[in-house]
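Since the structure comes first, as structure tokens, the remarks are kept for the end.
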Amino acid sequence: MPKLTIAIDGPAGSGKSSVARQIAGVLGYTYLDSGAMYRALALKTLQRKIAIDDHGALEKLATDTHIELKPATAEQEKAGAKNRVFLDRTEVTDAIRTAEVAQTASRLATIAGVRHVLVAEQQRAGAGGGVVMEGRDIGTVVFPNAELKIFLEASPEVRAERRWKEHQEKGDDMTVFEVLGEVRERDKRDRERKVSPLVRAPDAVIVDNTAMDVEETARLIVMLAREREKELAAAARKSV
Ligand code: CDP
Ligand code: CDP
């Protein structure tokens with residue numbers, strides 16, 4: 001069977017990472033979390049105390065930074081991590097999952113020069129197919145020719161509650177209202193920014209999983225992927 005490029009985009013807490021990770025496991029594909037790259041760069045920005053409006057310094061930082069994604073260990077997966085993330089060869093898998101890093105990531109993500117560097121990295125990492133990549137602009141900018149595009153949706157309240165539960169499990173004492181505020185603020189910025197806003201690609205399938213769990217959502221997308229694999233195999237047979 002031909003190997004597809006699967007693009008999954010959607011707002012915070014819509015289930016992109018959990019669902020993409022599961023789909024990649026079933027199909028034997030590589031899972032890539034593009035948001036983790038924005039988060040890793042955000043962590044470095046905070047560590048270096050670089051002002052978020054210093055676009056020149058941030059573009060240079062992006063160029064000078066090495067970010068690597070690797071499959072999570074079984075233990076890390078149990079704790080909720082989907083990808084291991086390395087920033088300049090130091091593991092930052094847990095350190096990037098704070099609300100402060102998420103907010104800084106979404107501010108960095110409005111800067112065209114920063115996106116340019118990270119998009120090129122993502123295209124390199126996903127070249128060759130057999131990948132499930134998730135983020136905000138995968139189906140529109142990173143892989144506009146992806147054979148399967150999914151736009152994952154869920155109500156803001158459900159998405160915030162999912163995220164809040166994760167914070168609770170880690171011992172972060174944010175209230176569900178604070179998490180809802182954080183998620184809404186980031187969604188607004190992501191949807192309204194000038195460069196590569198969060199928007200559904202015209203050929204993306206909308207999957208609203210407000211009332212679906214991770215398994216059901218992944219099963220549905222795996223079914224769509226198998227259909228696409230078959231269609232592509234049939235088209236390839238016809239052309240020989
Ligand atoms: O990557 P994204 O921010 O879109 O979402 P996620 O990190 O995959 O999911 C956030 C949380 O919601 C995780 O703890 C998932 O297990 C949970 N989730 C869920 O309960 N039901 C779904 N249909 C999707 C995600
Ligand atoms: O896990 P969650 O959905 O909360 O966020 P994430 O996927 O880790 O992404 C963090 C931030 O990075 C987002 O709020 C976006 O601003 C940015 N991002 C982006 O602009 N483009 C992507 N392809 C992925 C993430």
Side-chain angles (χ1 to χ4, degrees), residues 6-26 31-36 38-39 42 72 76-83 85 93-94 96-107 109 132-140 148-193 196-225:
I6 302 179
I8 303 185
D9 292 302
S14 57
K16 299 178 300 294
S17 316
S18 319
V19 170
R21 174 75 191 81
Q22 193 141 333
I23 296 166
V26 174
Y31 161 63
L32 292 167
D33 173 2
S34 70
Y38 288 90
R39 284 175 182 259
Q76 286 173 322
E77 267 205 43
K78 246 192 240 157
K82 316 290 183 312
N83 255 171
V85 188
T93 306
D94 295 328
I96 60 168
R97 297 292 157 193
T98 67
E100 186 190 20
V101 170
Q103 279 294 332
T104 306
S106 101
R107 291 199 172 93
V132 187
M133 190 178 288
E134 50 96 359
R136 303 292 188 290
D137 61 340
I138 310 305
T140 49
L148 180 62
K149 299 182 187 177
I150 304 291
F151 196 80
L152 211 53
E153 274 286 10
S155 76
E157 292 75 15
V158 162
R159 293 189 284 109
E161 199 182 333
R162 290 173 180 170
R163 242 322 114 73
W164 173 73
K165 276 191 191 144
E166 289 180 331
H167 283 299
Q168 290 284 101
E169 277 159 24
K170 282 191 287 181
D172 299 349
D173 60 355
M174 284 176 88
T175 67
V176 74
F177 297 106
E178 283 169 335
V179 178
L180 181 60
E182 193 278 319
V183 163
R184 276 196 202 278
E185 187 183 340
R186 209 146 48 89
D187 282 353
K188 184 167 155 53
R189 196 182 295 119
D190 289 346
R191 289 184 204 272
E192 292 181 358
R193 69 179 173 226
S196 312
L198 169 65
V199 61
R200 178 179 77 90
D203 52 347
V205 179
I206 299 178
V207 175
D208 187 321
N209 70 141
T210 302
M212 286 159 84
D213 64 19
V214 173
E215 284 68 29
E216 283 175 286
T217 315
R219 222 177 297 131
L220 172 67
I221 299 172
V222 164
M223 208 175 68
L224 295 173

Discussion item. Please check: side-chain N/O of K16 versus main-chain N/O of I8, any donor-acceptor pairing under 3.5 Å?
Written reply: no
Worksheet entry | Shortest non-hydrogen contact from A154 toward N209 | CB-ND2, 3.7 Å
Worksheet item: Which pair of non-hydrogen atoms, one from A211 and one from E216, has the smallest distance, and what is that distance?
Response: O-OE1, 4.3 Å
Practice prompt. Measure from the side-chain N and O atoms of R159 to the backbone N and O of A12, and report whether any donor-acceptor pair falls under 3.5 Å.
Written response: yes
Worksheet item: Would V19 and V207 satisfy side-chain contact (heavy atoms from CB on, under 4.5 Å), going step by step from the backbone distance to the final call?
Response: CA-CA 11 Å; V19 170; V207 175; over 6 Å; no
Discussion item. Would the distance check show the side chain of D208 and the main-chain N or O of T210 forming a donor-acceptor pair, the cut-off being under 3.5 Å?
Written reply: yes
Fill in: Note, V179 side chain near H167 side chain (heavy atom, < 4.5 Å)
yes
Practice prompt. Find out whether P11 and E153 are in side-chain contact, i.e. whether some heavy atom of one side chain is under 4.5 Å from a heavy atom of the other.
Written response: yes
Item to complete: Would you check if V132 and I221 make a side-chain contact, meaning some heavy-atom pair closer than 4.5 Å?
Response: no
Fill in: OH on Y38 to OG1 on T104, rounded to 0.5 Å
15.0 Å
Response to the item:
For residues 164-183, the salt bridge (charged side-chain N to carboxylate O under 4.0 Å, His left out) pairs (sequence neighbours left out) are R163-E166, E182-R186
Discussion item. If I take atom CG from residue D33 and atom CD from residue E134, how far apart are they, to the nearest 0.5 angstrom?
Written reply: 4.5 Å
Worksheet, complete the sentence: Tightest non-hydrogen contact, residues A72 and A81, listed as CB-O, 3.7 Å
Worksheet item: Does the side chain of P156 come within less than 4.5 Å of D187's, by heavy atoms?
Response: no
Item to complete: Starting at OG of S18, measure out to CG of L152 and round the result to the nearest 0.5 Å.
Response: 9.5 Å
Worksheet item: Taking all atoms of both residues into account, what is the closest heavy-atom pair of T93 and N83, and its distance?
Response: CG2-O, 3.5 Å
Worksheet item: Hey, what do you get for CG (L32) to CZ (R21), rounding to the nearest 0.5 Å?
Response: 11.0 Å
Worksheet item: Going by an N to O cut-off under 4.0 Å, is there a salt bridge joining R193 and D190?
Response: yes
Item to complete: Mind checking the NZ-CD spacing from K82 to Q76? Nearest 0.5 Å is all I need.
Response: 11.5 Å
Practice prompt. Quick one: pull up OG1 in T98 and CD in E100 and give me the separation to the nearest 0.5 Å.
Written response: 5.5 Å
Discussion item. Looking at D137 and T140, would you say the former's side chain and the latter's main chain have a donor-acceptor pair under 3.5 Å?
Written reply: no
Discussion item. Does any part of the side chain of Y31, heavy atoms only, come nearer than 4.5 Å to the side chain of I6, both counted from C-beta?
Written reply: no
Worksheet item: Would a distance-only check, ignoring hydrogens and angles, find a side-chain to backbone donor-acceptor pair under 3.5 Å from R39 to I96?
Response: yes
Discussion item. Using every non-hydrogen atom in the two residues, find where A42 and A105 come nearest and quote the distance to one decimal.
Written reply: CB-N, 3.5 Å
Discussion item. Restricting to non-hydrogen atoms, name the atom on S34 and the atom on G135 that form the minimum distance, rounded to 0.1 Å.
Written reply: OG-CA, 3.4 Å
Practice prompt. Check whether any side-chain heavy atom of M223 sits under 4.5 Å from a side-chain heavy atom of L220, and report yes or no.
Written response: yes
